[in-house]
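Beneath this line is the structure, given in structure tokens, with notes to follow.
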Amino acid sequence: MSTTTTGFKVIQPGILTLIQDAGRFGQHGIGLTTGGPLDPLAFNWANRLCGNASGTNSSGVSALEVSIGGLVLEAQIETRLCVAGAAMPLKINGEERELWRSHPVMAGDRIELGFASDGARAYLAVAGGFDIAPSFGSSATVTREGIGGINGTKLQAGELLPANPAKRDGCLVLPESYRPEYGKHANLRVIPGYQQHAFSRLQQRIFFSNDYKVSDRCDRMGFRLEGPEIKPSIDGILSEGICHGAIQVPADGQPIVLLNDRQTIGGYPKIGSVLSLDTAALAQLMPGSTVSFEPITMEDAHNIHCLAASYFERVKAQPCDPQ
Amino acid sequence: MQISVAGENALIIYFGEQTSPEVSAKVQQAVEIIRRDLHELIVDLVPSYASLLVIYDLMKTDHHHVRNHLRQSLSGLDNAHSAEGRLVTLPAYYSTESGPDLQQLADNAGLSVDEVIEIHQQQEYRVYAIGFAPGFAYLGEVDPRIAAPRLSTPRLKVPRGAVAIADRQTAVYPAESPGGWNLIGLCPTRMFNPDADPTMPVQAGDRVRFEAISREQFIELGGELPEQPDPSEQLGGPLT
């Protein structure tokens with residue numbers, strides 16, 4: 001456990017609020033999954049606007065992933081905080097505050113996040129990060145495993161989120177034109193792979209030319225989609241490792257996109273894997289939204305990643321005064 | 001050996017199409033070699049029955065480089081002598097009290113309970129894969145005489161330590177969880193303990209034997225009998 005005895009008190013935990021860092025890596029061998037933020041871009045921006053390490057250097061920084069909303073915290077320290085991601089109304093002491101912008105807070109301040117009107121996950125970061133002792137090298141909470149965060153569970157009312165005081169000046173803002181909108185549809189780019197050959201040309205055409213609906217059976221393990229059935233020529237395979245974004249197709253022909261808390265091995269046929277930049281977009285969709293799939297090559301995937309990383313470094317956050 | 005694309009930063013190596021100790025030995029050997037030769041580029045590895053998922057750092061390398069590197073590093077694999085894994089003995093308290101499906105499994109197999117216990121103990125198993133949940137080790141292969149399909153309705157709660165059979169696989173549940181395997185006993189050894197070092201008593205590639213212990217020995221070794229099941233579940237069960 002952390003030795004820090006001050007920070008933020010959880011007044012209301014919200015529907016599902018989890019401590020996350022970049023994720024838990026190198027532990028698949030003992031069956032531990034990755035965890036980590038469903039939308040790493042928003043997570044990275046929340047950290048970066050607080051002056052924390054972000055992007056490829058962010059592995060140790062802990063922030064909160066707030067799904068849907070409903071979080072209320074009370075600050076016990078002086079610091080800066082930032083919320084980025086889904087459009088959840090942010091209030092500090094009852095006054096509306098902008099997302100994608102860091103704000104100074106003082107001991108006694110009440111921080112409230114309402115419910116998302118666009119997107120589903122927002123990230124609340126504080127300067128220096130929350131001080132959470134890592135478990136298997138990471139603070140990422142995976143509730144299914146009971147590992148990470150505080151006791152391996154989602155946030156509970158009355159808990160203390162340990163954090164160290166930081167100076168209140170030095171706030172940053174991401175210019176509005178750079179902020180994403182999540183909407184109700186996402187185009188998911190797919191690298192065909194795994195058992196793709198078990199899906200006939202016709203089945204692949206059905207898959208890549210139709211929209212699928214996000215069902216209400218979606219969580220951090222995976223998103224079940226509903227739409228035209230696709231049938232592989234095989235029922236199952238010898239259980240094998242599942243990577244991030246893998247699209248498995250069980251017997252009912254309805255695809256499941258596997259996300260951060262997926263089980264590490266499984267035996268359903270897979271048609272390929274969704275690009276991680278796009279699983280982030282998927283995780284921002286509410287049930288009833290739609291997705292389409294577009295095949296891309298492995299080279300495209302690498303290029304898109306390098307471009308996105310360089311873009312993230314190039315966009316400059318701007319200094320700003322308190323709102 | 002066949003290398004296929006899995007995802008944006010992942011390749012999967014297939015070493016065979018069937019489960020066998022030889023194929024599994026190759027998987028374990030490949031894990032060692034890749035850890036040694038490609039350490040800097042690797043984010044994570046997922047060994048399984050006949051495949052190995054290799055996840056690499058997209059900001060340091062690309063799939064051409066990793067593929068070539070894998071081909072080179074693993075080229076000697078087919079002829080290499082496979083190291084035998086460690087032998088780990090797991091104590092098991094087999095009984096109808098600790099294994100609610102033991103009687104049914106014996107009845108279906110046309111064997112006595114004692115015969116099922118004897119057959120389960122006789123076999124030396126291999127840890128083919130770890131996954132599903134932290135510390136869940138898939139052990140194979142179970143003698144066909146006591147192989148049994150998964151329950152048609154999975155239990156909501158299988159206790160920690162449950163020794164179980166599904167088809168020709170056996171396992172010890174590392175934590176209380178839902179599960180559809182046939183329960184034949186309880187093992188007092190913790191299969192996953194985050195505070196222990198090592199976290200798990202076995203790793204992929206190890207060999208495992210079960211050794212029958214008495215109720216008293218089970219308690220002595222720190223085993224805990226689960227609380228009495230819900231009476232509604234007991235009705236018509238093997239204990240009533």
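Quick caveat: nothing in here was measured; it's all calculated off a predicted structure. Here is the naming used below: chain letters follow the sequence lines, and residue numbers restart at 1 for every chain.
For B:Gln18, the part lying near chain A is the backbone, with the side chain staying farther off; criterion is any non-hydrogen pair under 4.5 Å. Proximity to chain A (any heavy atom under 4.5 Å) is restricted, for B:Tyr14, to the side chain, taken from C-beta onward. Proximity to chain A (any heavy atom under 4.5 Å) is shown, for B:Ser177, by neither the backbone nor the side chain. Only the side chain of B:Ile55 comes within less than 4.5 Å of a heavy atom in chain A; its backbone stays farther off. With a 4.5 Å cut-off on non-hydrogen atoms, B:Ala10 touches chain A through its backbone and its side chain both.
Contact detail for A:Met298 and B:His63: the closest heavy-atom pair is CG-CD2, 3.3 Å. The shortest heavy-atom contact between A:Leu238 and B:Ala50 is CD2-CB, 3.8 Å. Closest non-hydrogen pair, B:Ser51 versus A:Glu240, comes out as OG-CB, 3.3 Å. Closest approach of A:Gly241 and B:Val46 over heavy atoms only: CA-CG1, 3.6 Å.
Counting heavy atoms from C-beta outward, B:Leu53 and A:Cys243 have side chains that approach closer than 4.5 Å. Using a 4.5 Å heavy-atom cutoff, the side chains of B:Phe132 and A:Thr264 are not in contact.
Looking only at atom types and distance, the side chain of A:Ser273 has no donor-acceptor partner in the side chain of B:Glu8 under 3.5 Å away.
If you tally non-hydrogen atom pairs under 4.5 Å between each of B:Asn9, B:Leu45, B:Val54, B:Asp62 and chain A, the highest count goes to B:Asp62. Among B:Ser4, B:Ala6, B:Ser48, the residue with the largest count of heavy-atom pairs under 4.5 Å with chain A is B:Ala6. Chosen from A:Lys270, A:Gln196, A:Glu299, the residue pairing most often with chain B at heavy-atom distances under 4.5 Å is A:Glu299. Chain B forms the most heavy-atom pairs under 4.5 Å with one residue out of A:Val142, A:Ile265, A:Val190, A:Ile191, and that residue is A:Ile265. Between chain B and the options A:Ser239, A:Ser135, A:Gly193, A:Ala246, heavy-atom pairs under 4.5 Å are most frequent for A:Ser239.
Looking at residues two or more places apart in sequence or on another chain, you find a salt bridge (charged side-chain N to carboxylate O under 4.0 Å, His left out) between A:Arg189 and A:Asp278.
By the 30° and 60° cut-offs, the orientation of the rings of B:Phe192 relative to A:Phe136 is parallel.
Applying a 4.5 Å heavy-atom cutoff, none of the residues of residues 32-42 of chain B approach chain A.
When the shell of 6.0 Å around CZ of A:Arg205 is examined, it contains 12 or fewer heavy atoms from other residues, nucleotides or ligands.
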